[in-house]
Amino acid sequence: MGATEEIIKMAKKNNGTVTTAMVVAAGFSRGNIKYLVDKGRIEKSTRGVYILPEVWDDEIFNLQSRFKRGIYSHETALFLWDLTDRTPNRYHMTFPVNYNLTKPKEDGVRCAQCKKELYGLGITEVTTPGGNTVRTYNVERTLCDILRPHSRVDIQVMTQAFKRYTTGYDKNIPILSEYAKILKVETRLRTYLEILL
């Protein structure tokens, strides 16, 4: 089997998506990607990300492929965890404090930054509506993040997220309380939980 067929096979295994990094890591040349694009066998989705023509373009996956240090957070994480009905019109990512935000902001990403010791707190993976895996903050970290004063999350979105968490989720109140302490939102969290639990 030739290199181009191997790349197509890789894309099929990866939900119809292949990245330049994956192709190079597998020992194939970037020229094979260009050849496949020229022949119409794959399409360029964004810089370094290619999809099979029959596949839905997964913007959430594409953004994280471009901005690898970005972790989906706030309303985008609520959407990915099905804690809100609102589809984000702009995706929200959190980056380490020293990360240059110029490029993500140019791409319309709502950016937050946090200290190194908080950046890694609660990172997990979730499946996008397009079926790809991306990194996001877990449910408990996300709920604490939206309580922080600078988050500017709509009160209705916040209330709906907490209602869904307290009624239908596999709740982990000890972790939620621990994160609230670390992120200094204990008082605000207590208010929400007293109303809903």
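This chain uses plain numbering: 1 for the first residue, then up along the sequence.
Between Arg47 and Asp107, no side-chain nitrogen of the basic residue sits less than 4.0 Å from a carboxylate oxygen of the acidic one, so the salt-bridge criterion is not met. Ion pairing between Glu5 and Arg41 holds under the 4.0 Å rule for side-chain N and carboxylate O. A salt bridge does not link Lys171 to Glu140: none of the charged nitrogens lies less than 4.0 Å from a carboxylate oxygen.
Nearest approach of Val185 to Arg148, heavy atoms of both residues: CG1-CG, 3.7 Å. Of all the heavy atoms in Asn14 and Asn132, the pair that sits closest is O-OD1, 3.7 Å. The two residues Leu147 and Ser151 have their closest heavy-atom pair at N-OG, 4.4 Å. Residues Pro53 and Ile42 share a closest heavy-atom pair of CD-CA, 4.2 Å.
Rounding to the nearest 0.5 Å gives a distance of 9.5 Å between CG of Leu176 and CG of Asn138. Taking CG from Leu121 and SG from Cys114, the interatomic distance works out to 8.5 Å, rounded to the nearest 0.5 Å. Here the CG atom belonging to Leu36 is positioned 4.5 Å from the CD1 atom belonging to Ile8, to the nearest 0.5 angstrom. One finds the CG atom of Leu118 at 10.5 Å from the OG1 atom of Thr94 (value rounded to the nearest 0.5 Å). Rounded to the nearest 0.5 angstrom, Tyr35 OH and Ser29 OG are separated by 13.0 Å. With rounding to the nearest 0.5 angstrom, the CG atom of Leu183 is 10.5 Å from the CG atom of Leu189.
Remark: the backbone N or O of Ser65 is paired with a side-chain donor or acceptor of Lys68 at under 3.5 angstrom. The backbone N or O of Val126 sits nowhere less than 3.5 Å from a side-chain atom of Trp81 that would complete a donor-acceptor pair. With hydrogens and angles ignored, the 3.5 Å screen pairs no side-chain donor or acceptor of Tyr179 with any backbone N or O of Pro174. Thr46 contributes no side-chain N or O that, together with a main-chain N or O of Val49, makes up a donor-acceptor pair within less than 3.5 Å. Gln113 contributes a side-chain N or O that, together with a main-chain N or O of Pro96, makes up a donor-acceptor pair within less than 3.5 Å. Gln64 contributes a side-chain N or O that, together with a main-chain N or O of Gly70, makes up a donor-acceptor pair within less than 3.5 Å. When atom types are taken as modelled, the side chain of Arg135 and the backbone of Tyr72 share no donor-acceptor pair closer than 3.5 angstrom.
A donor and an acceptor atom, one from each side chain of Thr17 and Asn15, are nowhere located under 3.5 Å apart. A side-chain N or O of Asn62 and one of Ser45 form a donor-acceptor pair less than 3.5 Å apart. Side-chain contact, Thr128 with Asp58: a donor N or O sits under 3.5 Å from an acceptor N or O.
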Full working for side-chain contact (heavy atoms from CB on, under 4.5 Å) between Phe28 and Ile33
CA-CA 9 Å; Phe28 303 118; Ile33 297 171; over 6 Å; no
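The one candidate from Arg90, Arg86, Arg110 that meets the side chain to side chain donor-acceptor pair (under 3.5 Å) condition with Glu75 is Arg110.
Around atom CD of Gln156, no more than 12 heavy atoms belonging to other residues, nucleotides or ligands sit under 6.0 Å away.
Aromatic ring orientation, His92 versus His74: parallel (interplanar angle below 30°, classes split at 30° and 60°).
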